[in-house]
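A short write-up of the structure that comes next.
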Protein chains: 2
Amino acid sequence: MNQTTPIRPDYEGELRKAGVRITRPRKVILSILADAGDHPDALEIFKRAVEIDSGISLSTVYRTMKLLEGVGAIHRHAFEGGPSRFEPAGVEHHDHLIDLDTGDVIEFHSERIEELQQEIARELGYDIVHHRLELYGRRRRGKVSRGG
Amino acid sequence: MNQTTPIRPDYEGELRKAGVRITRPRKVILSILADAGDHPDALEIFKRAVEIDSGISLSTVYRTMKLLEGVGAIHRHAFEGGPSRFEPAGVEHHDHLIDLDTGDVIEFHSERIEELQQEIARELGYDIVHHRLELYGRRRRGKVSRGG
DNA sequence: ATGCAATTGCAAATCGTTTGCAACTGAAGT
DNA sequence: ACTTCAGTTGCAAACGATTTGCAATTGCAT
């Protein structure tokens with residue numbers, strides 16, 4: 001039972017614990033986040049939210065994202081070119097490979113790279129607070145394809 | 001004689017070759033870039049430019065940066081939080097360590113990390129077009145300091 | 001010198017995001 | 001259930017970084 005269980009994040013709980021109110025719009029946004037298997041941006045979240053409750057405003061989406069980010073419940077990623085995209089913070093740390101053609105985000109992790117980063121920072125006299133490693137690429141043509 | 005010689009970039013030449021005119025404002029901006037040892041953003045370049053020729057506009061700075069970027073003469077880096085910052089493209093590829101307290105940018109390179117990235121991308125079925133590796137950190141207190 | 005397309009400065013527009021504000025509403029207390 | 005009131009909302013306006021339309025200017029090939 002030591003596998004990376006993709007825990008359905010309990011955002012409401014996290015927020016309550018942080019002393020914020022669970023309002024109608026927040027409930028909607030939270031449910032969207034919990035369901036999202038991708039890395040939606042604020043506008044995308046807003047669109048999905050409107051389908052559930054047409055009264056929600058984009059401002060509230062932004063405000064809620066900032067709130068969740070502050071609480072540490074989600075991570076914000078500012079990939080090249082586009083708006084910030086979000087993902088639940090519940091999973092193990094990972095970096096991203098962005099498909100330049102589709103915008104798809106693939107997660108990966110390399111303990112070796114993490115170590116090397118630490119090593120480099122130490123040599124330069126720094127402590128890493130956080131880092132950003134993003135690979136921008138295209139699906140290799142030919143050979144095996146992983147379907148899509 | 002195999003050290004990384006910081007070749008004073010011949011922007012004018014690169015631009016001429018690309019068929020663009022060498023105008024007065026461009027000359028000023030180009031000279032600033034050639035001298036810059038740091039990673040200035042557009043506004044900073046603009047400020048430095050105004051001191052040489054007060055008639056230069058921020059738009060022209062932006063336009064010139066885009067031009068140089070298109071020609072491949074400079075690289076644009078969108079570090080977290082702030083505006084894009086630029087650096088000559090003439091040097092060897094490297095990644096960046098950003099000092100969170102000062103905004104200073106320290107360059108580093110790890111062939112091992114580059115290899116690992118390639119490996120990871122390949123395993124995921126991708127070709128890397130480019131990547132972004134940024135370490136955000138603080139100078140380690142105590143012990144040796146590299147002066148500053 | 002001449003001519004014209006490339007380039008400029010300016011102001012206005014754009015994009016993603018934040019914010020001021022008056023109206024509204026959770027949730028704690030009765 | 002009813003009140004209360006600070007937390008929250010939607011809206012529109014403000015924001016910072018960057019881009020763009022346009023009329024005036026200017027490289028640079030002739």
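Reminder, nothing fancy here: chain letters follow the sequence lines and each chain counts from 1. All values derive from a computational prediction rather than experimental measurement.
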To the nearest Å, give me how far apart [atom1] ([X]) and [atom2] ([N]) are.
{"X": "A:E44", "N": "C:dG16", "atom1": "CD", "atom2": "C1'", "answer": "15 Å"}
{"X": "A:L67", "N": "D:dG7", "atom1": "CG", "atom2": "C1'", "answer": "11 Å"}
{"X": "A:R24", "N": "D:dG7", "atom1": "CZ", "atom2": "C1'", "answer": "18 Å"}
{"X": "B:I29", "N": "C:dT7", "atom1": "CD1", "atom2": "P", "answer": "13 Å"}
{"X": "B:I45", "N": "D:dA17", "atom1": "CD1", "atom2": "C1'", "answer": "14 Å"}
{"X": "B:M65", "N": "D:dA17", "atom1": "CE", "atom2": "P", "answer": "16 Å"}
{"X": "A:R85", "N": "C:dG16", "atom1": "CZ", "atom2": "C1'", "answer": "15 Å"}
{"X": "B:E69", "N": "D:dT18", "atom1": "CD", "atom2": "P", "answer": "11 Å"}

Subject >> Partners meeting side-chain hydrogen bond (donor to acceptor under 3.5 Å, both in side chains) with B:H39 (sequence neighbours left out) >> reply: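 Once residues adjacent in sequence are excluded, the partners of B:H39 under the side-chain hydrogen bond (donor to acceptor under 3.5 Å, both in side chains) criterion are B:E87, B:E107.
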
Subject >> Under 4.0 angstrom between A:R26 side-chain N/O and D:dT8 OP1 or OP2 >> reply: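 Affirmative; the distance criterion is met.
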
Subject >> Results of ring pair (Phe, Tyr, Trp, His ring centres under 6.0 Å) for B:H93 - residues two or more places apart only >> reply: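 B:H93 satisfies ring pair (Phe, Tyr, Trp, His ring centres under 6.0 Å) with B:H109, B:H131 once adjacent residues are dropped.
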
Original post:
Under the ring pair (Phe, Tyr, Trp, His ring centres under 6.0 Å) test, which residues partner A:Y136, sequence neighbours left out?
Top reply: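 Result, ring pair (Phe, Tyr, Trp, His ring centres under 6.0 Å) vs A:Y136: B:H130.
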
Is the closest basic N to carboxylate O distance between [X] and [Y] below 4.0 Å?
{"X": "A:E115", "Y": "A:R112", "value": "yes"}
{"X": "A:R48", "Y": "A:E51", "value": "no"}
{"X": "A:D127", "Y": "B:R138", "value": "no"}

**OP:** Look at all strands and tell whether B:G82 reaches a base, only sugar-phosphate, or nothing, counting heavy atoms closer than 4.0 Å.
**Re:**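 B:G82: no heavy atom of the nucleic acid under 4.0 Å.
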
Original post:
Contact class for A:L43 vs. all strands (heavy atom < 4.0 Å): base, sugar-phosphate, or nothing?
Top reply: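 No contact.
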
Atom [atom1] of [X] and atom [atom2] of [Y]: how far apart are they, to the nearest 0.5 Å?
{"X": "B:Y62", "Y": "B:I45", "atom1": "OH", "atom2": "CD1", "answer": "9.5 Å"}
{"X": "B:L135", "Y": "A:I128", "atom1": "CG", "atom2": "CD1", "answer": "4.5 Å"}
{"X": "A:F86", "Y": "A:H75", "atom1": "CZ", "atom2": "NE2", "answer": "12.5 Å"}
{"X": "A:I29", "Y": "A:K27", "atom1": "CD1", "atom2": "NZ", "answer": "12.5 Å"}

Close N/O contacts between protein and nucleotides 19-22 of chain D (under 3.5 Å):
unit_1: D:dT19; atom_1: OP1; unit_2: B:K66; atom_2: NZ; d: 2.4
unit_1: D:dT20; atom_1: O4; unit_2: B:S59; atom_2: OG; d: 3.4
unit_1: D:dG21; atom_1: O6; unit_2: B:R63; atom_2: NH1; d: 3.3

I'd like a list of close polar pairs between nucleotides 27-30 of chain C and the protein, N/O only, cut-off under 3.5 Å.
unit_1: C:dA27; atom_1: OP1; unit_2: A:I22; atom_2: N; d: 3.0

Original post:
Hey, what bend do you get for the helix from C:dA1-D:dT30 to C:dT30-D:dA1 if you fit axes on five pairs at each end, rounded to 10°?
Top reply: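 One end's axis against the other's: 30°.
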
**OP:** Can you spot which of B:D53, B:L58, B:I52 makes a side-chain contact (heavy atoms from CB on, under 4.5 Å) with B:I56?
**Re:**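 The option that passes is B:D53.
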
